[in-house]
Number of protein chains: 2
Amino acid sequence: MTAKQRAYDSVQTKETILLHAKALFSKKGYKGVSISDICAAAGLSKGSIYHHFKNKEDLFVQLAELSFADSWKDWDSRSVRFSSATDKLYAYSELYADNVDLSLTKAGEDFMATTGADSAAFQQFGAILTDYVRRFEDIIREGIENGEFKPEEPGEMAFALLSSYSGLANNSRYLDKENVRRLFRKMTDMLLDGIRK
Amino acid sequence: MTAKQRAYDSVQTKETILLHAKALFSKKGYKGVSISDICAAAGLSKGSIYHHFKNKEDLFVQLAELSFADSWKDWDSRSVRFSSATDKLYAYSELYADNVDLSLTKAGEDFMATTGADSAAFQQFGAILTDYVRRFEDIIREGIENGEFKPEEPGEMAFALLSSYSGLANNSRYLDKENVRRLFRKMTDMLLDGIRK
DNA sequence: CTAAACATACCGAGCGTTCGGTATGTCAAT
DNA sequence: ATTGACATACCGAACGCTCGGTATGTTTAG
């Protein structure tokens, strides 16, 4: 006996929309994806999408909110396995590498360049990003406190490290998965010990 | 005595278009800038722009070609002053920092995501990028050869370093000039010596 | 019956691009 | 030196199309 089939499932539908939207945004950026594109991918009509989301900006911000939250939840469950901040950094970069094709960083930049800085959605997204850096900062701070990393301003270090990873992610778009992983590992090597002999 | 007065000056006009286009593209990305935007900024009509360029893609590729060529020319005249590859790296990062507001890297990513990989313009731009990395690679290779840097694959190192700088440039969009310079210097410190204690 | 969930049809604005037309410049023949 | 033929530079209206968004209708759940 299967459960009663329901033609309407609001929660499921919203998840479907966000799922396809994420794939599209991460591949084509914010402006590169139209609502119609999302409709076609999700197999839904515009009316349905605009029933669940106020507008395109709202859709993107909600997507970013959920994506980053999920991503950190995933991270939390993994990171406990690693005792040192150094190991955590490698694990983080590996996680990043495995999700380059579903990363919203590029779309986020696009979104911020597109959306006016006065917009509410813009500030919401800005808050998400700030929070993201702050969470990453915790790893750095941990490394500093137990003597693994140099004792410098953790906020700046977090910003710089994340910039390196996001830059690498943007430029790895046309590489195969294996190479991406190798490059992210190499990047972490570099960020830890530098290129100087 | 002024130079010969001319009602039309094709070269000047084209330069004007490219100048304003560069400022707009670097701020709003490729898709974020319309031909009308460029018209308004340059004080010209659409017809005029399409007289000088085949289409939007052509305009962007020509702009990228000239920009990168100019940028390297500028670099060549500066870099001779520095004897070590380490010094050159700092000088390069400073040059990058001073031009974040006129950088086409983000617009280039946007362009590649927008334009089909089969397009001629796409491949032209790809060639420009490849050439750019190769030129930067020369600095790395020099550093390796005279024992400043670790003897690793210079192509990969160039790719990684440039990714770090471009990522930082993308994320520095809302910072003031002084902070951007400081962050780029910090990034170079990090890339040279790492964050490990 | 009511309300939520979804579809359909449509809107005005803006997009990249085209095109007919108009200045302006060049140059050879007179 | 003037003229007429032609090329170049530029304009602005308009095209076909897509965009984000809305109004309205239909289906399903409770």
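Below, chain A is the first sequence line, B the second, and so on; all start at residue 1.
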Considering only residues two or more places apart or on different chains, which pairs with a residue in [range] satisfy salt bridge (charged side-chain N to carboxylate O under 4.0 Å, His left out)?
range	result
residues 22-43 of chain A	none
residues 187-197 of chain B	A:Asp193-B:Arg196, A:Arg196-B:Asp193
residues 85-104 of chain A	A:Lys88-A:Glu142, A:Glu94-A:Arg181, A:Asp98-A:Arg181
residues 56-74 of chain B	B:Asp74-B:Arg78

Practice task
Any pair with a residue in residues 46-55 of chain B that passes side-chain hydrogen bond (donor to acceptor under 3.5 Å, both in side chains), sequence neighbours left out, goes on the list, sorted by first then second residue, please.
Solution key: B:Ser36-B:Lys46

Problem - Phosphate OP1/OP2 of C:dA5: any A:Ser10 side-chain N/O under 4.0 Å - result: yes

Practice task
Report yes if at least one side-chain N or O of A:Thr13 is closer than 4.0 Å to OP1 or OP2 of C:dA5; otherwise report no.
Solution key: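 Result: no.
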
Problem - Salt bridge flag under 4.0 Å for residues B:Arg141 and B:Glu145 - result: no

Practice task
Could you please name the option among C:dG16, D:dC10, C:dA7 that lies closest to any side-chain atom of B:Lys56?
Solution key: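 For B:Lys56, the side-chain atoms sit closest to C:dG16.
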
Practice task
When you get a sec, tell me which of D:dC11, C:dT17, C:dC6 is the closest nucleotide to the side chain of B:Leu44?
Solution key: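 The listed nucleotide nearest to B:Leu44's side chain is D:dC11.
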
Return the polar atom pairs (N/O with N/O) between nucleotides 22-27 of chain D and the protein under 3.5 Å, or none.
residue : atom : partner : partner atom : Å
D:dT27  : O2   : A:Tyr8  : OH           : 3.0

Exercise for the section: Name the orientation class of the two ring planes belonging to A:Tyr165 and A:Tyr96 (parallel below 30°, tilted from 30 to 60°, perpendicular beyond 60°). Expected result: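 Rings of A:Tyr165 and A:Tyr96: tilted, 30 to 60°.
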
Exercise for the section: Using the test side chain to side chain contact (heavy atoms under 4.5 Å, CB included), find all partners of A:Glu152 that sit at least two apart in sequence or belong to another chain. Expected result: A:Lys150, A:Met157, B:Lys186

Problem - DNA chain D-proximal residues of residues 21-38 of chain B, any heavy atom under 4.0 Å - result: none

Value in whole Å for how far the [atom2] atom of [N] lies from [atom1] of [X]:
X	N	atom1	atom2	result
A:Phe53	C:dA4	CZ	P	17 Å
B:His52	D:dT8	NE2	C1'	9 Å
B:Asn55	C:dC15	CG	P	17 Å
B:Ile49	C:dT17	CD1	C1'	12 Å
A:Glu15	C:dA5	CD	C1'	16 Å
B:His51	D:dA9	NE2	C1'	5 Å

Handout entry: With sequence neighbours excluded, residues passing side chain to side chain donor-acceptor pair (under 3.5 Å) with A:Arg135
Key = A:Asp76

Handout entry: By side chain to side chain donor-acceptor pair (under 3.5 Å) - contacts of B:Ser26 (at least two apart)
Key = none

Practice task
List for me each residue that meets ring pair (Phe, Tyr, Trp, His ring centres under 6.0 Å) alongside B:Phe136, sequence neighbours excluded, and say none if there are none.
Solution key: B:Tyr92

Problem - Contacting residues from residues 113-123 of chain B, given that a heavy atom lies under 4.0 angstrom of DNA chain C - result: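 None, since no heavy atom is under 4.0 Å.
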
